[in-house]
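Let me begin by presenting the structure, written as structure tokens, before commenting on it.
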Amino acid sequence: MRARAREGFTLEDFKAVIYLKSAEWLEDPVMCKYLRPETLFGSKFEAYRNQKSWKKELTEEDFDLDE
């Protein structure tokens with residue numbers, strides 16, 4: 001985080017990356033293990049920060065159609 005802060009990134013940038021990647025990876029059993037500082041604030045931080053908002057692709061299971 002210190003390295004990214006020295007590069008000029010702000011607290012808001014850090015929060016945005018945490019929010020974006022959590023929304024994308026938290027429910028993914030493969031990717032959730034990468035929700036850690038080494039991954040989020042490493043060499044790909046700027047790419048994560050510039051990533052467009054992540055939207056979950058909805059499936060039939062996301063809706064309760066029986067009601």
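Index from 1, following the sequence. All figures in this text were calculated on a predicted structure; none of them were measured in a lab. Reckoned from all heavy atoms, side chains included, excluding hydrogens, waters and symmetry mates.
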Seminar exercise, completed: Closest non-hydrogen atoms of C32 and L26, given as atom of the first, atom of the second and distance, are CB-O, 3.7 Å
Exercise. Heavy atoms, side chains only, cut-off 4.5 Å: are K21 and Q51 in contact?
Worked result: yes
For this session: Enumerate the residue pairs fulfilling salt bridge (charged side-chain N to carboxylate O under 4.0 Å, His left out) with a member in residues 25-35, sequence neighbours excluded, ordered by first and then second residue.
Result: none
May I have the list of side-chain donor-acceptor pairs in residues 36-48 shorter than 3.5 Å, sequence neighbours left out?
{"residue": "R36", "atom": "NE", "partner": "T39", "partner atom": "OG1", "Å": "3.1"}
{"residue": "T39", "atom": "OG1", "partner": "Y34", "partner atom": "O", "Å": "3.4"}

Under 3.5 Å donor-acceptor pairs involving side-chain atoms of residues 7-19, not counting sequence neighbours:
{"residue": "E7", "atom": "OE1", "partner": "R4", "partner atom": "NE", "Å": "3.0"}
{"residue": "E7", "atom": "OE2", "partner": "R4", "partner atom": "NH2", "Å": "3.1"}
{"residue": "T10", "atom": "OG1", "partner": "E12", "partner atom": "N", "Å": "3.3"}
{"residue": "T10", "atom": "OG1", "partner": "D13", "partner atom": "N", "Å": "3.3"}
{"residue": "T10", "atom": "OG1", "partner": "D13", "partner atom": "OD2", "Å": "3.2"}
{"residue": "D13", "atom": "OD1", "partner": "R49", "partner atom": "NE", "Å": "2.7"}
{"residue": "D13", "atom": "OD2", "partner": "T10", "partner atom": "N", "Å": "2.8"}

